[in-house]
Amino acid sequence: MSARKIIAIGGSDAGISAALRARELDPTTEVTVVVADAYPNFSICGIPYYVSGEVTHWSNLAHRTAADLAATGMTVHTDTRATAIDAAGHRLTVTGPDGATRDLDYDALVIGTGAVSVRPPITGLDHLGPDDGVHLLHSMGDTFAVMNTLTTKDPKTAIIIGAGYIGLEMAEGLTARGIHVTQIEALPEVLPTVEPELGALVHDELVRNGVDVRTKTLVTAVNRTATGALAVTTSRDGETDQVTADLVLVVVGVRPDTELAAAAGVELGIKGTIAVDEQMRTNLPDVFAAGDAVHTHHRQLGITWLPLGTTAHKQGRVAGENALGGTARVAGSLGTQVVKIFDLVAARTGLKETEALAAGRGWVPVSTTSTPDDHKAYYPGATPISIRITGDENTGILLGAQLIGHRTAEVSKRVDTYAIALHHGMSVDALSELDLSYTPPLGSPWDAVQVAAQNWVREHQPHHQRAGLGVSR
């Protein structure tokens, strides 16, 4: 019997995870990865730190080198674009770097085509590009284009359109290079994944580091001036303004890359993503999908779309196992995220109040914001962490948490504690039962995550539910 053939389309988190899992479980399987560019298994999340200079060479962004991947026994075709899927014939048509087209047979196919940058409807954006100093940023190719502008044009000023995770990280990265940054966000506050009161702390940190932050501001046009500068026209409260810069970076989000899948007859769902079951199977036989092109199974919301690298890795692993005939299932996402902005770290997991209300699960979400210290105040260097706990007033179940603190305050560790509690459906009160570590330089006998939870219980949990020891902690 010939070896089973598995092909993964896409060389980022999902595709490589699927390939690695298949090779791990059955080393006799022929695993092929088709990568559209020359950069398999590169960390897109690390791009801002290469731009800032903290990562000293682009090759360091590779999770694994080409030799590492080859050592697993998989075959990686770089600069090779998948152009058609013949699901009935179990064939994938690809075009190689020499322009030649050929067909690859498969027993199982994993689609991991990912996402591409959104190009917003801004006048002038359609005819300006990297040569003009106007950049989107999502791929390694985009990164090299930005670096080329930085090195050849030596910009002194930059405008970043968008204040989500990548936009904020790039504001820090460009500032670290000595570039004055103006950051423009259409929404009321930066980092809209957290509540505005916490986003305001990030806003203040940006300003403290010299970033000109403009919220509630819509970009309507980008043009090149007679002097060669880039002019960005904005609108805020009916007032029009214009800002000029040497470089413009557009980072307003991504959309799923599903054209190849849709042309093959793969069913699409929410926000145009590929629809899959919990085993990462599409509607086509022996065709799986994973990563940013695929909808997300969320433990609280059901089906949604939340493209995250951590989710892509888990989905890819499941797809790779099931491509061999396994029955693995994704456990589901909670949207756990963390980002560093200068000396602050912002994190969240689970749901905000508005998201919990929109879920239609009958929850009555209420929240409490606390500012416990990250460790005992008598040990030098203690800093407050702003922690917003959201729970269901009726049942006391934890629904979500948002945290903002200094980069030394172990914010990422603490959001993970809440994520574990959410994964297991714990109540807010039950967080106080967790046996968490303590030493004065790093924490307190009641950790900050527990202090914040206890404050929520005191404020919101019905009196008859908090009788006894539960409220006097």
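For the residue pair Thr72/Arg23, the side-chain donor-acceptor check at 3.5 Å is not satisfied.
Separating the CG atom in Leu344 from the OG atom in Ser386 is a distance of 9.0 Å, to the nearest 0.5 Å. In this structure, the separation between OG1 on Thr80 and CG on Asp37 is 10.5 Å, given to the nearest 0.5 Å. Thr143 OG1 to Leu61 CG: the interatomic distance, rounded to the nearest 0.5 Å, is 7.5 Å. Remark: Met280 CE to Arg317 CZ distance equals 14.0 Å, nearest 0.5 Å. In this structure, CG on Leu334 lies 11.0 Å from CG on Leu308, to the nearest 0.5 angstrom. Taking NE2 of His63 as the start and OG of Ser17 as the end, the distance is 8.5 Å to the nearest 0.5 Å.
Look at Asp277 and Arg329 and you find no salt bridge, because none of the NZ, NE, NH1 or NH2 atoms lies under 4.0 Å from a carboxylate O. Remark: Arg414 does not engage Asp416 in a salt bridge, criterion side-chain N to carboxylate O under 4.0 Å. Under 4.0 Å is where a charged nitrogen must lie from a carboxylate oxygen, and between Arg21 and Glu24 at least one such pair does. Under a 4.0 Å N-O distance rule, the pair Lys216/Glu185 does not qualify as a salt bridge. A salt bridge links Glu172 with Lys340: at least one charged nitrogen is closer than 4.0 Å to a carboxylate oxygen.
When each of Ile6, Val287, Asp86 is tested with Tyr106 by the rule side chain to side chain contact (heavy atoms under 4.5 Å, CB included), just one qualifies, namely Val287. Paired with Arg214 under the rule side-chain hydrogen bond (donor to acceptor under 3.5 Å, both in side chains), one option of Thr182, Asp241, Thr234 passes, and it is Asp241. Leu109 pairs with exactly one of Val34, Asp286, Ile85 by the side chain to side chain contact (heavy atoms under 4.5 Å, CB included) rule, that one being Ile85. Of the candidates Lys271, His295, His298, Glu355, Thr304 forms a side chain to side chain contact (heavy atoms under 4.5 Å, CB included) with just one, namely His298. Residue Ile9 is tested with Val33, Val110, Leu92, Val94 for a side chain to side chain contact (heavy atoms under 4.5 Å, CB included); the sole match is Leu92.
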Steps toward side chain to side chain donor-acceptor pair (under 3.5 Å) verdict (Tyr165, Thr193): CA-CA 9 Å; Tyr165 288 99; Thr193 53; 3.1 Å; yes
Pair Ser367-Glu353, side chain to side chain donor-acceptor pair (under 3.5 Å): steps then yes or no: CA-CA 7 Å; Ser367 302; Glu353 280 188 29; 2.7 Å; yes
Derivation and outcome, salt bridge (Lys or Arg N to Asp or Glu O under 4.0 Å), residues Arg208 and Glu205: CA-CA 5 Å; Arg208 190 176 72 82; Glu205 179 72 359; 3.0 Å; yes
Verdict with supporting geometry, Tyr49 and Glu169, side chain to side chain contact (heavy atoms under 4.5 Å, CB included): CA-CA 8 Å; Tyr49 310 108; Glu169 289 169 340; 3.2 Å; yes
Side chain to side chain contact (heavy atoms under 4.5 Å, CB included) assessment of Leu247 paired with Ile179: CA-CA 10 Å; Leu247 180 152; Ile179 298 171; 5.8 Å; no
Thr273/Leu268 under side chain to side chain contact (heavy atoms under 4.5 Å, CB included): CA gap, chis, key distance, verdict: CA-CA 5 Å; Thr273 56; Leu268 302 184; over 6 Å; no
Stepwise side chain to side chain donor-acceptor pair (under 3.5 Å) check, His203 with Thr215: CA-CA 9 Å; His203 187 140; Thr215 54; 4.7 Å; no
Ile160 and Ile184: CA distance, side-chain angles, deciding distance, side chain to side chain contact (heavy atoms under 4.5 Å, CB included) verdict: CA-CA 6 Å; Ile160 298 177; Ile184 302 174; over 6 Å; no
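Panel note: side chain Asp246, backbone Thr157; a donor-acceptor pair is recorded below 3.5 Å. The backbone N or O of Glu195 sits less than 3.5 Å from a side-chain atom of Gln402, completing a donor-acceptor pair. A distance-only check finds a donor-acceptor pair linking the side chain of Thr113 to the backbone of Asp257 [under 3.5 Å]. Proximity of a side-chain donor or acceptor of Thr75 to a complementary backbone N or O of Thr32 within less than 3.5 Å is not detected.
Atom NZ of Lys153 sits in a crowded spot, with more than 12 heavy atoms from other residues, nucleotides or ligands closer than 6.0 Å. Remark: Glu197 CD is packed, more than 12 non-hydrogen atoms of other residues, nucleotides or ligands lying under 6.0 Å away. In the displayed structure, Arg81 atom CZ is contacted under 6.0 Å by at most 12 heavy atoms of other residues, nucleotides or ligands.
Below 30°, between 30° and 60°, or above 60°: for Trp58 and Phe42 the angle between ring planes is below 30°, a parallel geometry.
Leu69 is listed as a side-chain neighbour of Pro40, based on a closest heavy-atom distance under 4.5 Å.
The shortest non-hydrogen separation linking Ala356 to Trp363 is O-CE3, 3.7 Å.
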